[in-house]
**Q** 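After the structure tokens below, expect a handful of questions from me.
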Amino acid sequence: MFELLTEHQFWTAVVIYWIFSAAVSSMPDPAGNGSSGYLWLYRFLHTIAGNITTAFGSKIPGLKTFTLLLVALLAAATSACAARYTIHPGALNKTDSAAYDILLVAETAIDQARLDYKSGHLPAGAKPAFDALIKSYNIARDSWLAYRSAIATNAPAAVYFSQLNQNLTDLAVRIRELEQTK
């Protein structure tokens, strides 16, 4: 449920605003001899709940059309820009899936560098960076497998997670170092 709300933040905000507006509209009118605190709260909440159209009324010509157009554009843009990450089939959680993605990127970089090395397109100074990338990949892959094992067996995964995070960060640095030597 929480994931649904975070992926549709705009519509969640619209629904929350609608509920807030309905709650404020259902407040009883303050009595003439009522508390000044309730009168202030009543006016304050009605001011917040009021929208631009009712606040300005007919003072701005064409505001209703402009507001409708603006809301439609914002709704279309906001829902299209929401970050969506699809978890790989067989992944244990988002971290597992993201780590797998990083390892795939590193494996592709290694394969390309290996082809460049064999064809003579990799500069001579890039060989140490290439070797460091392979070593870092193997370490990161081993820590990923250890993390997966901990998650699968319900073992405390915090230690494995921090080690995986560090090893994946090191792997990203090695990829950048190799790219800089090309």
Side-chain angles (χ1 to χ4, degrees), residues 1-24 26 41 44-45 48-49 71 73-119 121-182:
M1 179 68 171
F2 183 71
E3 188 173 326
L4 174 75
L5 296 178
T6 58
E7 289 182 4
H8 298 86
Q9 292 174 5
F10 174 76
W11 293 112
T12 301
V14 168
V15 168
I16 289 171
Y17 174 75
W18 180 77
I19 291 170
F20 172 74
S21 180
V24 169
S26 69
L41 180 66
F44 176 75
L45 292 177
I48 291 175
V71 168
L73 288 173
L74 284 173
T78 304
S79 63
C81 294
R84 290 173 178 48
Y85 180 76
T86 304
I87 297 176
H88 292 283
L92 302 175
N93 57 25
K94 280 187 178 182
T95 302
D96 178 40
S97 184
Y100 179 74
D101 286 340
I102 295 168
L103 289 169
L104 282 177
V105 168
E107 188 175 9
T108 302
I110 289 170
D111 290 344
Q112 183 61 46
R114 185 174 286 129
L115 289 173
D116 290 345
Y117 181 72
K118 287 181 180 178
S119 66
H121 292 95
L122 192 67
K127 179 73 167 116
F130 177 59
D131 293 338
L133 174 60
I134 292 172
K135 181 179 177 187
S136 182
Y137 171 82
N138 290 333
I139 292 170
R141 186 173 185 282
D142 288 343
S143 69
W144 172 66
L145 292 173
Y147 173 77
R148 280 183 60 88
S149 177
I151 293 292
T153 60
N154 292 326
V159 174
Y160 297 104
F161 175 77
S162 63
Q163 187 61 48
L164 175 63
N165 189 31
Q166 180 61 46
N167 291 338
L168 291 175
T169 302
D170 292 344
L171 182 60
V173 168
R174 299 299 166 257
I175 292 172
R176 270 193 302 275
E177 287 174 353
L178 179 65
E179 291 300 317
Q180 289 174 353
T181 60
K182 288 185 176 181

**Q** Sort out for me which residue in Leu92, Thr153, Thr95, Asn93 forms a side-chain contact (heavy atoms from CB on, under 4.5 Å) with Arg148.
**A** Leu92
**Q** What distance do Thr86 atom OG1 and Lys94 atom NZ have between them, rounded to the nearest 0.5 Å?
**A**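 Here the interatomic distance stands at 9.5 Å.
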**Q** Could you report the tightest heavy-atom contact between Thr181 and Ala126, atom names first, then the distance?
**A** OG1-CB, 3.3 Å
**Q** What distance separates Leu122 CG from Gln112 CD, expressed to the nearest 0.5 Å?
**A**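 Reported to 0.5 Å precision, the distance equals 10.0 Å.
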**Q** Please collect all ring-ring contact (aromatic ring centres under 6.0 Å, His included) contacts where either partner lies in residues 139-182, sequence neighbours excluded, each pair once.
**A** Tyr100-Trp144
**Q** Apply the test side chain to side chain contact (heavy atoms under 4.5 Å, CB included) to residues Asp101 and His88: give CA-CA distance (whole Å), side-chain angles for both, the deciding distance (0.1 Å), then the verdict.
**A** CA-CA 9 Å; Asp101 286 340; His88 292 283; 2.3 Å; yes
**Q** Tell me every residue that passes side chain to side chain contact (heavy atoms under 4.5 Å, CB included) with Ala132, counting only those two or more places apart in sequence or in another chain.
**A**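 Applying side chain to side chain contact (heavy atoms under 4.5 Å, CB included) to Ala132 gives Arg174.
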**Q** Is the side chain of Thr169 donor-acceptor paired with the backbone N or O of Asn165 at a distance under 3.5 Å, no angle test?
**A**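 Side chain of Thr169 to backbone of Asn165: a pair is present.
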**Q** Looking at every heavy atom in both Ala140 and Ser143, which two are closest together, and how far apart are they?
**A** O-OG, 2.9 Å
**Q** Test Ile102 against every option in Leu164, Leu168, Asn167 by the side-chain contact (heavy atoms from CB on, under 4.5 Å) rule and name the one that passes.
**A** Leu168
**Q** What heavy-atom pair brings Ile151 and Ala157 nearest, and what distance separates the two atoms?
**A** CD1-CB, 3.5 Å
**Q** How many angstroms lie between atom CG of Asp111 and atom CD of Glu107, to the nearest 0.5 angstrom?
**A** 5.5 Å
**Q** Let me confirm one number: the CD1-CD1 distance from Ile134 to Ile139, rounded to the nearest 0.5 Å.
**A**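 Going from the CD1 atom of Ile134 to the CD1 atom of Ile139 covers 12.5 Å.
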**Q** Which pairs, with at least one residue in residues 123-132 and sequence neighbours excluded, count as a salt bridge (charged side-chain N to carboxylate O under 4.0 Å, His left out)?
**A** Lys127-Asp131
**Q** Provide the closest heavy-atom pair for Tyr137 versus Leu103 in the form atom of the first, atom of the second, distance.
**A** CE1-O, 3.5 Å
**Q** Between CG of Asn138 and CG of Leu133, what distance do you get to the nearest 0.5 Å?
**A**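 Answer rounded to 0.5 Å: 9.5 Å.
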